[in-house]
Protein chains: 2
Amino acid sequence: MPSQTFFNLSEAKRKAFLETAIEEFAGRDYESASISRIVATLGIAKGSVYQYFEDKRDLYLFLIDYAAKERVAFVSGVPMPDPQQGFYRYTQWLLEMGVRFALEHPRLNQLIYQAMFGTAPFRDDMLQRLRDSSLQLIRDVIAQGIAVGEIDPDIDLDMTTYLLNVITNEFGNYLASKLAIDPQRLLAGDQAQLDNDSLRSVYSKALDFVWHGLAKRSTAH
Amino acid sequence: MPSQTFFNLSEAKRKAFLETAIEEFAGRDYESASISRIVATLGIAKGSVYQYFEDKRDLYLFLIDYAAKERVAFVSGVPMPDPQQGFYRYTQWLLEMGVRFALEHPRLNQLIYQAMFGTAPFRDDMLQRLRDSSLQLIRDVIAQGIAVGEIDPDIDLDMTTYLLNVITNEFGNYLASKLAIDPQRLLAGDQAQLDNDSLRSVYSKALDFVWHGLAKRSTAH
DNA sequence: ACCGTATGTGACCGATTAGTCACATGACTG
DNA sequence: CAGTCATGTGACTAATCGGTCACATACGGT
């Protein structure tokens, strides 16, 4: 809950502030993240930050909330597959969501992931809700897949939801490190070239693993 | 590379120091971990730490190294399955390794995992070697499974190794949170009761997922 | 031109950090 | 007992932290 002052800021200033703050909090602990460093980077006075936010905790929780909303907006922007195409496609869509968001918004992804599964402080309701809502989407897809009879009903729903969430997130990290040959290109907006061609072929391997596991397949898709 | 002084310490003192230091580094950033807090907890002078270790970095890298060696020792202590039982059992063994180590040595597991995949500093050779050696075991099992024809040869070896490592690690976390009803009991050494009975049945679900994926199974094991 | 309000500022505070060092203590030797 | 060496100590330094506040600046209305 930032002050009105924060929202009165020019969009340029607000964007710059958000970007710098997210960068600061994404890569490190809550404790290690430094307000002093943020204001030094931005070239503004420290007092300004405390006119926007109550304290460090207030800023942090706002950033988490912001990142979560951005993620929801991002997911909404990618059309879900046609239900008639089966739950293999739904699973593909889930994976694609995670990977694309991780590649296109790496800082936001780090922030969310770290808040949910890292050593985040504040056993806040908000964080719990973030965690729950993030997992709910995955859980729903799996549950429906089971109901329709395309997903094995013997799986443990809770556990599989958890693992699938971890996989989608970490697979993004894997790709990022794998493509680390020139990570600049990706961040610079050159991802369009990669997206629709090679990216899909890369994560189709991950999808196959999620769908069929390690075992030697008998049927193909 | 601690000084000789550190190894001259009585076992009781050395153990106490290790335990406290690991506890301090396991839950937080490298930057957030505090030497001052360690010495305060132990009730020793700060100067002592700097007679054992060159600096904070030296201590941290030693702890990582120690944790890694403990893990290797732990893994060596659990017998591998009979090769004739197939690679399903090998995969089971891999999972069991990760889960048991995570449950019996949660702090060490956190330390290792955070060093390998967290926001650890020091792009050290040592960390890279730790990462490589940890993944190598998994990679070997998969590669052999492919060679023997029990694991699908179309999987991406690198990616699957990475994901399997993540899964074994995070599954430990999942179990830990799932069993959080009384985590004290586990740490208190009461795990023997859980181990051979319910534990195996719980992670057999994870094993099924890893082996067969989400898809509805046709054949059973 | 004047005033009131909103926004920006950075010196300053108390707390905490990693790391140092002159000194105390203990143990063993001659 | 005296001397030597390893070990333990905690006050101290310089840097950094989150947070405060008295003050400066900018802007809009009359």
Side-chain angles (χ1 to χ4, degrees), chain A residues 1-64 111 115 119-122 124, chain B residues 1-64 119-122 124:
Chain A
M1 28 185 131
S3 72
Q4 185 58 46
T5 306
F6 180 68
F7 295 110
N8 291 345
L9 252 47
S10 73
E11 189 174 316
K13 278 191 179 181
R14 212 173 54 248
K15 285 259 177 180
F17 182 88
L18 273 177
E19 195 177 335
T20 305
I22 286 167
E23 173 80 27
E24 176 69 18
F25 277 91
R28 23 173 73 77
D29 249 359
Y30 170 77
E31 306 232 341
S32 294
S34 157
I35 307 278
S36 298
R37 210 150 32 204
I38 293 174
V39 299
T41 302
L42 286 169
I44 65 174
K46 197 191 282 190
S48 295
V49 173
Y50 289 88
Q51 276 189 323
Y52 307 153
F53 299 91
E54 269 199 13
D55 51 20
K56 191 182 180 181
R57 173 199 150 104
D58 191 31
L59 168 59
Y60 175 69
L61 291 179
F62 170 74
L63 291 179
I64 303 287
L111 197 62
T119 63
F122 311 136
D124 221 79
Chain B
M1 29 188 128
S3 72
Q4 185 58 46
T5 307
F6 179 68
F7 296 110
N8 291 345
L9 253 44
S10 72
E11 191 174 314
K13 279 190 178 181
R14 211 173 54 246
K15 284 259 176 180
F17 182 87
L18 273 177
E19 195 177 334
T20 306
I22 286 167
E23 174 81 28
E24 177 69 19
F25 277 91
R28 25 174 70 79
D29 249 358
Y30 170 78
E31 304 230 342
S32 295
S34 156
I35 307 278
S36 298
R37 211 150 34 202
I38 292 174
V39 299
T41 301
L42 286 169
I44 65 175
K46 196 191 281 191
S48 296
V49 174
Y50 288 88
Q51 276 189 324
Y52 307 152
F53 300 91
E54 270 199 12
D55 50 21
K56 191 181 181 181
R57 173 200 151 104
D58 191 30
L59 167 59
Y60 175 70
L61 291 179
F62 170 74
L63 291 178
I64 303 287
T119 61
F122 310 137
D124 221 79

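The chains referred to below are lettered A, B, ... by the order of the sequence lines, with proteins before strands, and numbering in each begins at 1.
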Student: Looking at every heavy atom in both A115(A) and I64(A), which two are closest together, and how far apart are they?
Tutor: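 Heavy atoms only, the tightest pair is CB-CD1, 3.3 Å.
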Student: Suppose we screen for ring-ring contact (aromatic ring centres under 6.0 Å, His included). Which residues come up paired with F62(A), at least two apart in sequence or across chains?
Tutor: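 F62(A) satisfies ring-ring contact (aromatic ring centres under 6.0 Å, His included) with F6(A), F53(A) only.
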Student: Which side chain to side chain donor-acceptor pair (under 3.5 Å) pairs, counting each pair once, include a residue from residues 31-40 of chain B, with sequence neighbours left out?
Tutor: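 As it turns out, the side chain to side chain donor-acceptor pair (under 3.5 Å) pairs with a partner in residues 31-40 of chain B, which skip direct neighbours, are D29(A)-S32(B), S32(A)-S32(B), E24(B)-R37(B), S36(B)-K46(B).
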Student: Take the protein atom CD of Q4(A) and the nucleotide atom P of dT7(C), then report the distance between them rounded to whole Å.
Tutor: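 From Q4(A) CD to dT7(C) P: 8 Å.
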Student: What one-letter contact string describes nucleotides 8-25 of chain C from 5' to 3', where B marks a base within less than 4.0 Å of any protein heavy atom, S marks contact via sugar-phosphate atoms alone, and - marks no contact?
Tutor: BBB------SBBBB----
Student: Rounded to the nearest angstrom, tell me the gap between atom CG in L42(B) and atom C1' in dG10(D).
Tutor: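 Rounded to the whole Å, the gap is 16 Å.
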Student: Would you tell me if any nitrogen or oxygen in the side chain of N8(B) comes within less than 4.0 Å of OP1 or OP2 on dA6(D)?
Tutor: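 Answer no for this pair, as no side-chain N or O of N8(B) is under 4.0 Å from OP1 or OP2.
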Student: For R14(A) and dT7(C), give me the distance from atom CZ to atom P, rounded to whole Å.
Tutor: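 Rounded to the whole Å, the gap is 13 Å.
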Student: Residues in side chain to side chain donor-acceptor pair (under 3.5 Å) with E23(B), at least two apart?
Tutor: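 For E23(B) the side chain to side chain donor-acceptor pair (under 3.5 Å) partners, ignoring immediate neighbours, are R107(B).
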Student: Any side chain to side chain donor-acceptor pair (under 3.5 Å) pairs touching residues 7-20 of chain A, not counting sequence neighbours?
Tutor: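 As it turns out, the side chain to side chain donor-acceptor pair (under 3.5 Å) pairs with a partner in residues 7-20 of chain A, which skip direct neighbours, are Q4(A)-N8(A).
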Student: Do you know the tightest heavy-atom contact between L59(B) and A21(B)?
Tutor: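 Of all heavy-atom pairs spanning L59(B) and A21(B), the closest is CD1-CB, 4.5 Å.
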